[in-house]
Amino acid sequence: MKKHQMLIGGKWVDPASGDWFETLNPFTAKPWALVPRGSKPDVDRAVEAADCAYRGEWRKLTATARGALLRKLGDLIASEAQRLSEIESTDNGKLIAEMRGQLNYIPQWFYYFGGLADKIEGRVIPIDKPGVFNFTREEPLGVVAAITAWNSPLLLATWKLAPALAAGNTVVWKPSEYSSISAFAFGELFEKAGFPPGVVNIVTGFGPEVGEPLTTHPKVAKIAFTGGDKTGEHIYQMAAKGIKPVTLELGGKSANIVFDDAELDDAVKGVVSGIFAATGQTCIAGSRALIHRPIYAEFVERLLALAKTARMGDPLDPGTQVGPVTTQPQYNKILDYIRIAKEEGAVCRMGGGPAKRPECGAGWFVEPTIFTDVKPEMRIANEEVFGPVLSIIPFDDEEEALRIANNTVYGLAAGVWTKSIRRALLMSERLEAGTVWVNTYRAVSYMSPFGGYKRSGIGRESGLDAIREYLQTKSVWIDIAGNAPNPFVMR
Ligand code: TXE
C-alpha cells in the first residue's frame, strides 16, 4: 500500500506522529492506501509556512500573476481529470461517471476565479469632508483553513481554494480522514503549476487532532468548512473565540415539490436524481418528495418503476448508477434511520435495508429506499440521513407545500416541478433555501452562488459572492488640504 506524505511549505513530509492510518475502498471494504496521521506540530508547521508565504513571495506577485497560476492549475487538472476521478471513485466510492464529469468541470472554478483575481477593485468615496481623499482597498485575510468532507473531496476543496487564492490568501487544507488520497494528487498539481511554496499546504488526519488545532490557531484568519451541522456548530464556536470569519456549508433536508401540472416524467427523473444520485450522499439531496395529492398515487407508482431500474455495483464501472456508501459509520447511520422510519410508522415501498446483490460484493451498499405515509413530524422527515432514503409526503395546496418544505431547521436547496410561471415565482420567493431549482435539480455552476439558509450554513461559495468571503475592506484617508485641523474635535 502506498504510504502518502503531507504537503507543508512546498515539501512532502512525514507526519510528526510517525503514524499512518488506512483508508478503505468502500466497494471492497478493504484498505488501499496509507494516510499520514497529522497532529498539532504538523498544523503549526503548515500554518507558519502559509503565513510566511502570505507575507512573502505570494504577496509580492501581482494579481494578474496570481490569476495566471490559477488558470495554469485549471489546465493541469483538466489534463489529469481521468487519473483524479479514478482516485476519487476508489477512495470514496462515487461513480466514475459522475467523478469524470466533476473533474472535467472543476477547472472552470480555477479559470473563473483566476480571471477575477485582477478585477478586485476598491472604490473612491466622494467623501463629505473637504480637503480629504478617501478610498477603499479590498485585501486578503491571511491564512485560510479549508476543512472538507468526504462526499465530493476535490469539488468541495476547489470551492474554497479557488476564491481564497484568487483573493490573495494562502491555505492550509485538511481533507476528510475518509477521502484524503485525491488531495495528495491535487497537491502535486499546485506544485507543478508553480505556486510558491507554502501557498497551499495539506495536512491530513482526524478532526480533533488536525481540524481542532487548525481552527484554533491564532494565525488562521478564516475558516471555510463543509461537513455536518454538529461539527459546523462546534467550529463556529471555536471561530467565535478567535473572532474569525467563517464560511459553513452544512447539508440539509431539501424538499423536491411536485405539483399536479408538472411534466411528470421529468419530475420523476428529478426526484430520483435528487435522492439516489451519489447514493444520496450530497448536501443538496432532495430527501423529501412533496407530492400534490391529485397525482400522488400515480407519481409514486412511476417513481417506484424508475427507481427499481437503478443498477448497483462497482463505482469504477461506467454502467453503475448507485454505488456504495462511503464510510462504514455512514452505512450504519443510514440503516439506523431506515429502522427508525419503520418504527415511526412510515411505509417502506422499496428497499429498506442493506443491499445483498452479488454485484455489490463486500461493499457498504444500502438498497435505494422509498418511504410513503411519512408525516412531517417524523424524524425521517426532519433529520439529514445522507443516504439513498426518500421520504414521500403528500400536500393539498401551495400553502401547505410551503409550510411543510420550510418546516425544517435546514435551508440548503429546494426543487419545484410545475408548468405555471406564477407558481414557480411564488415558490422560489417563499421557499427558505439558498438554492431553488424549477423543473431541474442538482445543478451547480462556478458562476452561481451556493450556500444555505438557517442551519444549512453561512456564506456563499462560487460566483462573485464567493470572493467577498475571502476579502476585507480597508478605508484609506489622505489629507490633501495641508492645514492641520483642531486636534480636539473629530474631523
Ligand atoms: O462529518 P464531519 P462526518 C453530514 C452527514 C453525515 C454527518 C457526519 O449527515 O452523516 O455530517 O459526517 C472535520 N474541528 N455531512 O462525520 O465530522 C473532519 O475531519 C475541526 C454533511 O464525516 O462534519 C472532516 O474533515 N474539524 C456534509 C470535516 O470536519 C473537524 C458533508 C467534516 O467532518 C472537527 C459530510 C473538529 N472538532 C457530512 N471534527 C455536507 N454539508 O454536505 C471533524 N472535523
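First listed ligand is number 1; within each ligand, the first listed atom is number 1.
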**Fill in**
Contacts satisfying salt bridge (charged side-chain N to carboxylate O under 4.0 Å, His left out) that involve residues 230-245 (not counting sequence neighbours) are E233-R455
**Prompt:** Salt bridge or not for R37 and E209, using N-O below 4.0 Å?
**Reply:** yes
**NZ or CZ of K222 within 45° of Y470 ring axis and under 6.0 Å** = yes
**Request:** Would you confirm whether the ring centroid of F110 sits within less than 6.0 angstrom of the ring centroid of Y446?
**Result:** no
**Prompt:** For the ring pair W150 and F386, is the centre-to-centre distance below 6.0 Å?
**Reply:** yes
**Fill in**
Within the heavy-atom cut-off of under 4.0 Å, ligand 1 is lined by I147, T148, A149, W150, N151, K174, P175, S176, E177, G207, G211, E212, F225, T226, G227, G228, T231, H234, I235, E249, L250, G251, C283, Q330, K333, E384, F386
**Asked** Does the ring center of W417 lie less than 6.0 Å from the ring center of Y441?
**Response** no
